[in-house]
Amino acid sequence: MEKKWQYPHRRWNPLRQSWVLVSPHRTQRPWQGETGQKAAPSDVAYDPQCYLCPGNKRAGGAANPSYEGIFSFVNDYAALLPDSPSVTDQPASPLLVAEPARGLCKVLCFHPDHSLTLARMTQPEIRRVVDAWTREFKELDGLDWIEYVQIFENRGAMMGASNPHPHCQIWSTGFVPDEPAAEAEAQSEHMVRTGHCLLCDYLAAERAEQAAQERIIFENEHFVALVPWWATWPFEALLVSRRHFGALPELNDDEQDGLADALKRLTTRFDNLFETSFPYTMGFHQSPTDGGAHPEWHFHAHFYPPLLRSATVRKFMVGFEMLGMPQRDITPEDAAQRLRACSEEHFWPRR
Ligand SMILES: [Zn+2]
Ligand SMILES: [Zn+2]
Ligand SMILES: [Zn+2]
């Protein structure tokens with residue numbers, strides 16, 4: 001295939017309304033930096049030291065039930081609490097602003113087996129996780145002071161995950177956090193300007209014939225997985241629903257199966273890329289639960305994996321990226337092509 005975009009340029013991210021610098025020629029340079037530790041697969045199904053395994057005691061003193069499916073609980077060391085006193089020691093300067101921040105932080109275990117990951121779980125097992133996410137979302141949406149629900153998974157020590165047990169976190173807040181707030185604004189602006197949904201339009205552009213679908217990794221009947229035009233992380237991916245809706249409770253039964261299928265296939269391809277348990281932060285962006293209508297919001301998930309060229313060499317967001325703007329080396333098209341070439345059979349089969 002002819003190599004396009006092999007010169008420095010910047011690309012517009014319409015969802016975040018920001019630019020990313022693309023410098024593909026830089027991957028030719030020799031690597032003399034840190035090489036991380038290759039994450040060795042583990043077969044330990046139960047770890048007596050793990051605070052998420054069934055039956056174990058947690059640090060806060062509570063004990064987990066001997067759960068056999070999904071298990072969720074309020075985080076023992078929550079970053080946000082349902083009750084937060086009003087800020088009384090407000091400084092005089094209008095530049096020094098603080099506000100009370102309320103929230104609920106929960107942990108949700110995907111599976112009792114300590115050694116599993118989404119990639120190595122079966123589609124029906126992941127479907128049970130999708131159902132649990134939906135239940136949790138509905139329950140939190142029902143609390144009138146919760147304005148946003150953020151479901152996310154930190155996978156791997158490289159992303160700061162303190163425990164390999166398959167789990168995610170659900171932080172719900174009494175305010176809309178910055179990332180979804182910026183995306184809500186961009187989606188609203190696009191809808192006002194064009195009368196269309198931003199991500200529906202973006203998906204149509206990516207799936208159009210003339211684009212050769214070069215950033216699409218795969219699609220099923222209900223979801224499309226792609227390396228977005230504006231990807232910052234080397235193998236960043238966006239999972240977008242093909243139908244327009246805002247949040248998990250709006251998925252029908254087939255779409256819930258479709259989401260489980262897409263999650264399994266995408267995470268398996270990630271693991272197969274460098275034959276490692278691929279680290280990432282992933283999470284869903286859903287319509288705010290602030291009581292307003294959000295016709296602009298289109299359900300999607302972001303995957304932000306740090307690895308660049310092997311199981312041990314990661315990308316760092318430093319220097320110009322901290323002070324100027326994000327920058328990437330390989331093009332999104334190259335990244336998508338490499339993920340398309342990966343098998344959907346996991347390199348490390350489950351016994
Ligand atoms: Zn465990
Ligand atoms: Zn849409
Ligand atoms: Zn988003």
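Read the numbers this way: they start at 1 and go in the same order the structure lists the ligands and their atoms. Values reported hereafter were calculated over all heavy atoms of this structure, with side chains retained and with hydrogens, waters and symmetry mates removed. Residue numbers start at 1 and run along the sequence shown.
Nearest N/O/S atom of H285 relative to the Zn ion (ligand 3): this is ND1. Residue H300 approaches the Zn ion (ligand 3) most closely through its N/O/S atom NE2.
Ring orientation note: the planes of H165 and H114 are nearly perpendicular, at an angle over 60° on the 30°/60° scale. The aromatic rings of F223 and F245 stand perpendicular to each other, their planes meeting at an angle above 60°, with 30° marking the opposite boundary.
Around the Zn ion (ligand 1), the protein N, O or S atoms closer than 2.8 Å are C50 SG, C53 SG, H114 ND1, H165 ND1, listed by chain and residue number.
Checking H298 against the Zn ion (ligand 2), an N/O/S atom falls under the 2.8 Å cut-off.
Between H244 atom ND1 and C200 atom SG, the angle centred on the Zn ion (ligand 2) amounts to 120° (nearest 10°). Centred on the Zn ion (ligand 3), the OE1 atom of E183 and the NE2 atom of H302 lie at an angle of 150°, reported to 10°.
Taking both residues in full, the closest heavy atoms of S188 and E296 are given as OG-CG, 3.4 Å, listed atom of the first, atom of the second, then distance. The heavy-atom pair separating W297 from H285 by the smallest distance is NE1-O, 3.1 Å.
The number of heavy-atom neighbours closer than 6.0 Å to CG of D253, taken from other residues, nucleotides and ligands shown, is above 12.
With contacts defined as side-chain heavy-atom distances shorter than 4.5 Å, the pair L248/Q286 qualifies.
One N or O on the side chain of Q90 and one on the backbone of A98 form a donor-acceptor pair closer than 3.5 Å.
The ring of W133 has its center closer than 6.0 angstrom to the ring center of F284.
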